[in-house]
There are 2 protein chains.
Amino acid sequence: MFRGNHPARMDEKGRLKLPAEFKRRIDEQYGAQFYITSKDGKVAEIHPLQEWEKFEQKLAAIPNFNPAKKKLLDRLNYYGQMAEMDAQGRVLLPQILRESAKVTGDVVVFGMQTYLEVANHEAFKKNMDENPLTPEDEQALAGFGL
Amino acid sequence: MFRGNHPARMDEKGRLKLPAEFKRRIDEQYGAQFYITSKDGKVAEIHPLQEWEKFEQKLAAIPNFNPAKKKLLDRLNYYGQMAEMDAQGRVLLPQILRESAKVTGDVVVFGMQTYLEVANHEAFKKNMDENPLTPEDEQALAGFGL
DNA sequence: TCCACTTTCAACCACTTTCGACCACCTCAT
DNA sequence: ATGAGGTGGTCGAAAGTGGTTGAAAGTGGA
């Protein structure tokens, strides 16, 4: 389970050094293969292949003509690329995603349970501030027993 | 399972080099035979013959007088053509489809589970931006356990 | 209907470019 | 001072690109 945030840097070749704490977890639980993608082009998601395949299973069960699936799949594939971690614990982020999500220079990496997210610091903070948790959101969560 | 995007180029002869990652998967799981077609004339689809035949099975089960089937079949056949991959991993896209989908010069190839899609980069991005995932879409997906 | 000519394209060859694997060094905290 | 975390750079294999050619398909004329 990944949790918490770590500041990190993208080098000029588009390589992201995974924070040591995450790397440790990856080494012991997963392999060095990842699927890197985004649902909206604004935040990059780094999924251990193993976890991603579970998600693909669920997705494959939905008919291809379902419009919501098609939209989602278009995005996941448009931004997505396989990547492998090198011995130094770095992964190459897809160029299309780096540009789209503006992840260059100083970024934030954080753990989202089964995967990592990489975001432009300011953009992420701004988005959070503009979209606070509403009472309706809390209602919905309460419905799940939280 | 094909996934993710790869930038690619169409040469002046209309040949598309399949990205190495996809070619590898094709070599090990499928043969070099493809059915290339489109549902809308805007995005080219490259189906390994083996997978396409499965789709044809499902299609065959729908009554011929079903108007939606007729429409779909008209399009699939209008744009469709068989193609074979050469030793360098290139396929010739049907001219009618190249013009219709405007896939010339720089394009994007991406994996859509069982097949590949080839699209004009700008046109595809534009279409995505104009048709974002709505809250209703997300609701629908949540209904499938995603 | 058959033959001659034209056009197309699949198969092959040769060259260029890219990037991922690896190495070496720097920095910082203890 | 030492070891772990982080960074920059290189180099060769693999990926990608352009061009040529011969066989086959297509076309038209007698």
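Throughout, protein chains are lettered first and strands after them, A, B, ... in sequence-line order, and every chain is numbered starting at 1.
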K.L.:
Between dT7(D), dA10(C), dG18(D), which nucleotide gets closest to the side-chain atoms of Gln88(A)?
P.N.:
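Selected nucleotide: dT7(D).
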K.L.:
Hydrophobic clusters here meaning ILVMFWY residues chained together by side-chain heavy-atom distances under 4.5 Å, can you tell me if Val91(B) and Phe110(B) are in one?
P.N.:
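In one cluster with Val91(B): Phe110(B), no.
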K.L.:
So Lys13(A), base contact, sugar-phosphate only, or nothing? Heavy-atom distance under 4.0 Å.
P.N.:
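The residue Lys13(A) makes base contact.
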K.L.:
Rounded to whole Å, how long is the line connecting atom CG of Asp27(B) with atom C1' of dA15(D)?
P.N.:
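It is 13 Å, rounded to the nearest whole Å.
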K.L.:
Return the value, rounded to whole Å, for the distance between atom CG of Leu18(A) and atom C1' of dA4(D).
P.N.:
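Rounded to the whole Å, the gap is 16 Å.
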K.L.:
Atom CD of Glu21(A) and atom P of dA4(D): how far apart are they, to the nearest Å?
P.N.:
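The distance from CD of Glu21(A) to P of dA4(D) comes to 17 Å, rounded to the nearest Å.
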K.L.:
Counting any heavy atom closer than 4.0 Å, what does Glu84(B) reach on the DNA or RNA strands: base, sugar-phosphate only, or nothing?
P.N.:
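No contact.
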K.L.:
Please classify the nucleic acid contact of Ala20(B) as base, sugar-phosphate, or nothing, using heavy-atom distances under 4.0 Å.
P.N.:
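Ala20(B): backbone/sugar contact only, no base atoms under 4.0 Å.
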K.L.:
Is the His6(B) ring parallel, tilted or perpendicular to the Phe22(B) ring (thresholds 30°, 60°)?
P.N.:
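Perpendicular.
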K.L.:
Does any donor atom in the side chain of Gln95(B) or Glu99(B) lie under 3.5 Å from an acceptor atom in the other side chain?
P.N.:
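Short answer, yes.
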K.L.:
How long is the line joining CG of Leu92(A) and P of dT18(C), in whole Å?
P.N.:
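Rounded to the whole Å, the gap is 14 Å.
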K.L.:
Between dC9(C) atom P and Glu12(B) atom CD, what is the distance in whole Å?
P.N.:
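Glu12(B) atom CD is separated from dC9(C) atom P by 14 Å.
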K.L.:
Counting only side-chain N and O atoms of Arg24(A), is one of them less than 4.0 Å from OP1 or OP2 of dG5(D)?
P.N.:
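Indeed, a polar side-chain atom of Arg24(A) lies that close.
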K.L.:
Should Lys17(A) be listed as having a side-chain N or O under 4.0 Å from OP1 or OP2 of dG6(D)?
P.N.:
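Yes, because at least one side-chain N or O of Lys17(A) sits under 4.0 Å from OP1 or OP2 of dG6(D).
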K.L.:
Where the side chain of Arg15(A) is concerned, which of dC12(C), dC9(C), dA21(C) is the nearest nucleotide?
P.N.:
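Within the option list, the nearest is dA21(C).
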K.L.:
Looking only at side-chain atoms of Arg90(A), point me to the closest of dG9(D), dG20(C), dC12(C).
P.N.:
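Of dG9(D), dG20(C), dC12(C), dG9(D) is nearest to the side chain of Arg90(A).
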K.L.:
Could you check how far CG of Asp86(B) sits from P of dG16(D), rounded to whole Å?
P.N.:
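Result: 13 Å.
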K.L.:
Please determine whether salt bridge (charged side-chain N to carboxylate O under 4.0 Å, His left out) holds for the pair Lys70(A) and Glu117(B), giving the CA-CA distance in whole Å, both sets of side-chain angles, and the decisive distance to 0.1 Å.
P.N.:
CA-CA 12 Å; Lys70(A) 175 77 171 117; Glu117(B) 280 193 358; 3.2 Å; yes
K.L.:
CG of Asp11(A) versus P of dC26(C): gap in Å, rounded?
P.N.:
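In whole Å, dC26(C) P and Asp11(A) CG are 18 Å from each other.
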K.L.:
Scan Met10(B), Lys17(B), Lys13(B) and name whichever one has a side chain to side chain contact (heavy atoms under 4.5 Å, CB included) with Arg90(B).
P.N.:
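Considering Met10(B), Lys17(B), Lys13(B), a side chain to side chain contact (heavy atoms under 4.5 Å, CB included) with Arg90(B) is found only for Lys17(B).
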K.L.:
For Leu93(B) and dC9(C), what is the distance between atoms CG and P respectively, to the nearest whole Å?
P.N.:
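Whole-Å distance recorded here is 12 Å.
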